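Order of the sequence lines sets the chain letters (A, B, ...), proteins ahead of strands, with each chain counted from 1. Not measured: the values here are computed from a predicted model.
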Amino acid sequence: MTTPARVRVAPSPTGDPHVGTAYMALFNKAMADTTGGAFILRIEDTDRTRYVADSERQIFDALAWLGLNPDEGPQGHGGPGGPCGPYRQSERLPMYKQAAEDLIAKGKAYRCFCAGDRLDTLRKIQQAEKSKFIGYDGLCRGLKAEEVAANLAAGKPHVVRLKLRQDAEIQTTDLFRGQISFIGAEQQDPVLLKTDGYPTYHLAMAVDDHAMGITHVIRAEEWIPSLPIHFELYRAFGWDAPVFAHMPLLRNKDKSKISKRKNPTSLLWYRDAGFLPEALKNFLGLMGFSLPNDQEIFSYAEFLQNFDLRKVNIGGPIFDLQKLHWLNGEYIRRLDDRELEKRLVQHCRLMIGREAEFADLPEDQLPQETFLKDFEQKRRRQSRVLGALAAEIMTSYEVNPNLLLPIIPLIKERLHTLVEAADYLPMFFTRDFAYTREAFVPKKQTPEGAVAALREVRAILADADFNNPGVKESLDAAFRAKSEALGQKIGPFLGPVRVAITGASVSPPLVESMLVLGKQETLARLDNALKFLG
RNA sequence: GGCCCCGUCAUCUAACGGUUAGGAUACGGCCCUUUCAAGGCCGCGAUACGGGUUCGAAUCCCGUCGGGGUCACCA
């Protein structure tokens, strides 16, 4: 029923791997996977001025992290290669050059010797005149063959421009929107080949998509304005155009296109903040798409079973970090204990030696939006805590594989991100708490009562057998009975104890924590607290 | 500003032209509870506006308004 789709994602290696790249990769890969086609990664490195050396590797890593590996793509960094290579545009330069020459020979393109200065002033004049048309005026279209030859002989730098039809409507088609037409006379002749011999996006895209047998171009909506160029290019070459499907743009809270200043856009940020790749992937699948029966949590396999490009909702979705935060918590709770333990250890390893990177941000550099601001502040502190604890956790983990495991059930349902484990883990590795006298006296408790509670609880624990299977229940009962005997509610009664054992008034469950720590350690902590309170 | 795209709760979204416009996040309340969570229940909350077409419009058409994208030898 469906023919195999060949689709691609084509990021340019100009910085951190972008969440939008992951979004496009997901929908393109789904298209390939549901049709038995191929998902291709192509590196669009035709802008030498913006090239970032490590970026390509990061794109690879980020896609692999999300399980969005391409079927075909550049070699190196574990890339798969493929029959239509090379997949780096910088390695395909002769093809673009040839294609441009072909178009010139066919009279569909021409050499333009206009200098940048001329274009700048032209644009300024047009703007000053409030001209409806802003762009190149086609001056070099009229160059005679001798003039071109003379310019060439003189070694004058030039670009190659596509001759766009001036006299017609340019009809284009988008899978979601149907026909979109543009007035030819309102378009400028776009540059195909730059002075430096590199192609622009337009030329490289058409040549490569054709050469690689791309059937569907699923890309961001911001490309719609250049649709007439792309259709005209295919026409000039005499090639059939692929299906174009423009996905909605991910948005900031203010509905503008998602941007670094207003929202985290780097996939590295999401990884560092302790989002699980499967949760982020799921979340991206919720952007402009939905599964039947209101199902919001789904595996990639389930996503594929329900995937239908035509069902994409093209209203621009706001990337709601708060909902991702919730979703990630759901995913963490669904991990089995062993797996969560492993991920936490991995995350600790990721945090090592990066204290400077996670230093507190000054107020004016913090995000404006309240949830994100709060999240970012916490996450930096938590990252530092985990980084500092990492060596100890990893060593312990290697020495005793069961060390962390009993802790996992106590913290699992409290986490929304891995980094939040920083709020719960340290108490299991240190008894060196920086508590204050006031911390031991919560509401509905007195200093005398606090000391009394610590003594009573110590006495109960001293007689308890921590290895008895029913010890948790019997301790619960004993604490409750004692608090009642003292005329106190159980909460205020155990408040000081919680501080003594965990160092904080908010913690994992108290009795379970004691059992993980062991009798000796628990009693020692109570004694420390009693000594502290003098 | 020109061109183009889009408009269902604050947010993500559902709804063969016929539903009391559904679910989820967030928010509020209650329950559970040994702190914090998690969980359960309840609540708040939308078809931008105005015209058509139709027995009947969130859904089709037109206009208005609003939002966004784009106007590079960047992608």
Side-chain angles (χ1 to χ4, degrees), chain A residues 10-14 44-47 49-50 112 114-116 119-120 123 127 130-136 157-161 172 174 176-177 180-183 186-188 190-196 198-202 204-205 219-228 246 248-249 251 253-257 283 286-297 313-327 329-330 333 371 410-416 423-424 442 476 479-480 483 489-495 497-499 502 504-511:
Chain A
S12 56
T14 52
E44 309 236 335
D45 56 348
T46 56
D47 184 350
T49 60
R50 293 205 305 158
C112 168
C114 292
L119 301 180
D120 289 343
R123 195 175 313 121
Q127 280 163 350
K130 296 204 192 310
S131 166
K132 305 244 188 220
F133 178 84
I134 295 179
Y136 182 61
H158 69 280
V159 300
V160 175
R161 286 181 187 271
T172 71
D174 171 83
F176 306 129
R177 285 159 266 250
I180 305 175
S181 59
F182 299 82
I183 309 294
E186 291 174 354
Q187 307 293 321
Q188 65 169 330
V191 171
L192 261 25
L193 214 54
K194 301 184 248 184
T195 307
D196 63 5
Y198 277 66
T200 59
Y201 170 82
H202 308 298
M205 175 221 69
R219 62 183 0 175
E221 189 181 359
E222 59 188 326
W223 291 107
I224 290 179
S226 50
L227 219 33
H246 292 89
L249 248 16
R251 314 291 188 107
K253 256 209 159 68
D254 64 4
K255 301 215 185 241
S256 58
K257 162 167 98 168
F283 186 70
L286 249 18
M287 300 283 93
F289 198 75
S290 64
L291 265 52
N293 306 320
D294 299 316
Q295 185 180 355
E296 292 201 293
I297 301 178
N313 176 339
I314 56 177
I318 289 168
F319 191 96
D320 184 0
L321 190 67
Q322 208 165 356
K323 185 155 183 172
L324 173 60
H325 191 247
W326 161 78
L327 222 212
E330 291 288 323
R333 267 168 257 132
F371 178 82
L410 309 191
I411 68 173
K412 193 192 232 174
E413 68 195 23
R414 291 168 172 74
L415 301 180
H416 297 89
D423 290 346
Y424 306 109
D476 279 340
F479 291 161
R480 194 172 297 277
S483 75
K489 295 248 190 207
I490 187 78
F493 176 71
L494 289 177
V497 180
R498 186 179 303 281
V499 173
T502 72
S505 57
V506 173
S507 79
L510 185 56
V511 173

### Task
Please figure out whether A/Leu291 or A/Leu324 has its closest RNA chain B nucleotide nearer the 5' end.
A/Leu291
### Most 5' of A/Ile314 and A/Gln187 on RNA chain B, judged by nearest nucleotide
A/Gln187
#### Entry: A/His325: ring pair (Phe, Tyr, Trp, His ring centres under 6.0 Å) partners, not counting sequence neighbours
A/Phe371, A/Phe375, A/His416
## Note on the structure
Across all chains, not counting sequence neighbours, the ring pair (Phe, Tyr, Trp, His ring centres under 6.0 Å) partners of A/Tyr201 are A/Trp223, A/His230
Taking a pair as Watson-Crick or G-U wobble with both distances under 3.5 Å, which nucleotide is matched to [N]?
| N | value |
| --- | --- |
| B/U34 | none |
| B/G28 | B/C42 |
| B/G7 | B/C65 |
| B/A21 | none |

Tell me the interatomic distance from [X], atom [atom1], to [N], atom [atom2], rounded to whole angstroms.
| X | N | atom1 | atom2 | answer |
| --- | --- | --- | --- | --- |
| A/Asp423 | B/C36 | CG | P | 15 Å |
| A/Lys323 | B/U11 | NZ | P | 13 Å |
| A/Leu410 | B/A37 | CG | P | 17 Å |
| A/Trp326 | B/A10 | CH2 | C1' | 17 Å |
| A/Leu327 | B/U25 | CG | P | 10 Å |
| A/Tyr424 | B/A38 | OH | C1' | 11 Å |
| A/Ile318 | B/C6 | CD1 | P | 18 Å |
| A/Lys253 | B/U25 | NZ | P | 16 Å |

Write down the distance separating the [atom1] atoms in [N] and [M], rounded off to the nearest Å.
| N | M | atom1 | value |
| --- | --- | --- | --- |
| B/C9 | B/G43 | C1' | 14 Å |
| B/A58 | B/C49 | P | 11 Å |
| B/A38 | B/A24 | P | 16 Å |
| B/U33 | B/A48 | C1' | 45 Å |
| B/A21 | B/A57 | P | 13 Å |
| B/C27 | B/C12 | C1' | 16 Å |
| B/G23 | B/C44 | P | 12 Å |
| B/C55 | B/G50 | P | 22 Å |

### Message
Tell me whether the side-chain N/O atoms of A/His325 come closer than 4.0 Å to OP1 or OP2 in B/A26.
### Response
no
### Message
Counting only side-chain nitrogens and oxygens, does A/Asn293 get under 4.0 Å of the OP1 or OP2 atom of B/G22?
### Response
no
### Enclosure of A/Asp120 CG (heavy-atom neighbours >12, cutoff 6.0 Å)
yes
Base, sugar-phosphate, or nothing for [X], non-hydrogen atoms under 4.0 angstrom?
| X | value |
| --- | --- |
| A/Leu510 | base |
| A/Asp476 | base |
| A/Phe371 | nothing |
| A/Met205 | nothing |
| A/Gln322 | sugar-phosphate |
| A/Val511 | base |
| A/Arg177 | sugar-phosphate |
| A/Ser505 | base |
| A/Gly329 | nothing |
| A/Pro248 | nothing |

### Closest non-hydrogen atom pair, A/Leu119 against A/Arg161
CD1-NH2, 3.6 Å
### Minimum-distance pair of heavy atoms, taken over all atoms of A/Ala204 and A/Pro199
CB-CG, 3.9 Å
### Query
Checking A/Asp174 side chain against A/Ile180 main chain: does a donor-acceptor pair fall under 3.5 Å?
no
### Message
Can a donor-acceptor pair be found, under 3.5 Å and without considering hydrogens, that links the side chain of A/Lys194 to the backbone of A/Thr46?
### Response
yes
### Query
Considering only heavy atoms and no angle criterion, is a donor-acceptor pair shorter than 3.5 Å present between the side chain of A/Arg480 and the base of B/U34?
no
### Query
Do A/Arg219 and A/His246 touch side chain to side chain, with heavy atoms closer than 4.5 Å?
yes
#### Entry: Contact check, side chains of A/Phe493 and A/Arg480, non-hydrogen atoms, under 4.5 Å
no
Please pick, from [options], the nucleotide with the shortest atom-to-atom distance to any side-chain atom of [X].
| X | options | result |
| --- | --- | --- |
| A/Arg414 | B/A26, B/C36, B/A38 | B/C36 |
| A/Glu186 | B/U34, B/C3, B/C12 | B/C3 |
| A/Ile180 | B/C5, B/U11, B/U35 | B/C5 |

### Query
Can you give one letter per nucleotide of nucleotides 67-75 of chain B, going 5' to 3': B for a protein heavy atom under 4.0 Å from the base, S for sugar-phosphate only, - for none?
SSBSSSBBB
### Spatial distance of atom OG (A/Ser290) from atom CD (A/Gln295) [nearest 0.5 Å]
10.5 Å
#### Entry: Basic-acidic side-chain contact under 4.0 Å: A/Glu221, A/Arg177
yes
